There are 2 protein chains.
Amino acid sequence: MGAQSFSEQFSDKDMRMTKQRKWVYEVFSESEVPLSAEKIYRTLINEEKSISLSTIYRILRFFTTKGVITRGATTDHHKAVYELRRTEHKHHLVCVGCEKVVAVNNCPVQSYQESLQKSTRFDITEHRLAFFGYCPDCQGGRESKKNK
Amino acid sequence: MGAQSFSEQFSDKDMRMTKQRKWVYEVFSESEVPLSAEKIYRTLINEEKSISLSTIYRILRFFTTKGVITRGATTDHHKAVYELRRTEHKHHLVCVGCEKVVAVNNCPVQSYQESLQKSTRFDITEHRLAFFGYCPDCQGGRESKKNK
DNA sequence: TTCTATGCAAAAATTTTGCAATCGT
DNA sequence: ACGATTGCAAAATTTTTGCATAGAA
């Protein structure tokens with residue numbers, strides 16, 4: 001949905017198309033929320049796909065330098081999380097009670113970004129925005145039903 | 001400057017006012033940008049203040065649960081970064097070339113947040129927004145003069 | 001074939017924890 | 001004095017790296 005297919009994005013000659021890279025890419029494109037290395041690892045292992053964690057870290061760095069993913073607003077304890085740089089971009093609404101993450105489709109800062117670009121002379125390539133609070137289930141009680 | 005003084009914020013009875021907590025708080029209030037545990041540690045050690053890194057991690061967690069600070073959009077390699085929850089809130093513009101961080105004072109999402117709160121029924125307590133790109137010095141050459 | 005990417009295991013970096021001693025109230 | 005907080009050192013967790021092998025072009 002908006003994210004191009006793996007082979008469309010990676011016609012680069014210096015980018016080999018391995019099954020591990022394809023798997024990691026697929027996990028990202030099927031996720032609405034940012035993912036940690038370990039989460040990706042567990043997802044793939046669950047799908048009977050054999051891959052090593054260090055390979056995932058290397059792919060994460062590789063995708064990051066290629067601009068395919070970015071490190072997102074960190075939500076998963078102390079692990080770093082990443083997400084696809086989709087063409088239509090998304091933001092997130094995170095419940096600090098149960099850590100549920102909901103995707104927000106609108107982007108209220110696009111035009112602001114343009115004016116900021118002019119006033120600061122930065123060449124702004126992206127932004128990240130996330131909202132935090134309590135979801136309907138966690139209000140009142142403020143209970144913490146971690147769904148980790 | 002928006003951030004209240006240490007003793008103003010912490011009149012709580014279950015919050016002891018130790019010098020370590022005061023130091024860490026001061027480091028935050030003198031910084032315009034998010035900080036990692038190690039950065040705080042080095043800052044304090046440089047000022048001849050004796051503190052241990054594990055104490056800083058504990059204070060970070062303590063301040064977070066008290067709502068004094070929050071984990072910010074991560075910029076410092078793989079370390080977690082935190083920033084004060086000031087009353088007048090700020091966002092950041094980060095250069096991905098040299099890692100310079102500039103504070104942005106406007107907030108273009110306040111009213112959007114209110115409508116999001118209605119449509120999602122979340123009780124939204126905060127948001128984080130950061131912009132990324134190349135500062136004037138790092139444009140063109142795209143050189144990376146890390147000022148770490 | 002050639003050169004890059006992977007897997008494994010070991011290392012490095014970051015964060016957390018147990019326990020005795022210290023400090024704030 | 002009492003109970004919470006600190007420092008130290010050790011443990012746990014997360015991320016990176018070296019090297020031999022496998023795999024893509």
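Since the structure is predicted, the reported quantities are computational estimates derived from the model, not experimental observations. We use all heavy atoms of the structure for the numbers below, so side chains are in, but hydrogens, waters and symmetry mates are not. Order of the sequence lines fixes the chain letters, A, B, ..., with proteins taken first and strands second; residue numbering starts at 1 for each chain.
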* Asked: According to a strict under-4.0 Å criterion, is B:R58 in side-chain N/O contact with OP1 or OP2 of D:dT5?
  -> no

* B:R42 with B:E38: basic N within carboxylate O range, under 4.0 Å -> yes

* So does B:Y57 get a side-chain nitrogen or oxygen closer than 4.0 Å to the phosphate oxygens (OP1/OP2) of C:dT15? -> yes

* Counting only side-chain N and O atoms of B:Q20, is one of them less than 4.0 Å from OP1 or OP2 of D:dG7? -> yes

* For B:S54, enumerate each residue passing the side chain to side chain contact (heavy atoms under 4.5 Å, CB included) test, keeping only those at least two apart in sequence or located in another chain. => B:S52, B:R58

* Asked: Which listed nucleotide (C:dT15, D:dT14, C:dT16) is nearest to the side chain of B:A37?
  -> C:dT15

* Round to a whole Å and report the spacing from NZ of B:K39 to P of C:dA13. => 18 Å

* Determine: side-chain N/O of A:R16 to OP1/OP2 of D:dG23, distance under 4.0 Å, yes or no. => no

* Can a side chain N or O of B:R61 be found less than 4.0 Å away from OP1 or OP2 on C:dT17? -> yes

* **Length of the line joining A:L35:CG and D:dT14:P, which is rounded to integer Å** => 15 Å

* Contacts of type salt bridge (Lys or Arg N to Asp or Glu O under 4.0 Å), residue B:E47, not counting sequence neighbours -> B:K49

* Asked: Using 30° and 60° as the class limits, which term best fits the ring planes of A:Y112 and B:F131: parallel, tilted or perpendicular?
  -> tilted

* Asked: Does D:dG23 have OP1 or OP2 sitting under 4.0 Å from an N or O in the side chain of A:T18?
  -> no

* Structure fact -> Heavy-atom nearest nucleotide on DNA chain C taken for B:L53 and for B:K19; more 5' hit belongs to B:L53

* Asked: B:S31 side chain to B:F28 main-chain N or O, any donor-acceptor pair under 3.5 Å?
  -> no

* Asked: Looking at D:dT6, C:dT25, C:dT15, which one has an atom nearest to any side-chain atom of B:M17?
  -> C:dT25

* Asked: Could you state the CH2-C1' distance from B:W23 to D:dT6, rounded to the nearest angstrom?
  -> 11 Å

* For B:K22 and D:dT6, give me the distance from atom NZ to atom P, rounded to whole Å. => 13 Å

* To do: Quickly work out the B:Y41 OH to C:dA13 P distance and round it to whole Å.
  => 15 Å

* **Nearest-Å distance for atom pair CD1/C1', residues B:I51 and D:dC8** => 14 Å

* Can you tell me how far P of C:dC8 sits from CD1 of A:I56, to the nearest Å? -> 12 Å

* Structure fact -> In whole angstroms, the gap separating P of D:dT17 from CZ of A:F62 amounts to 17 Å

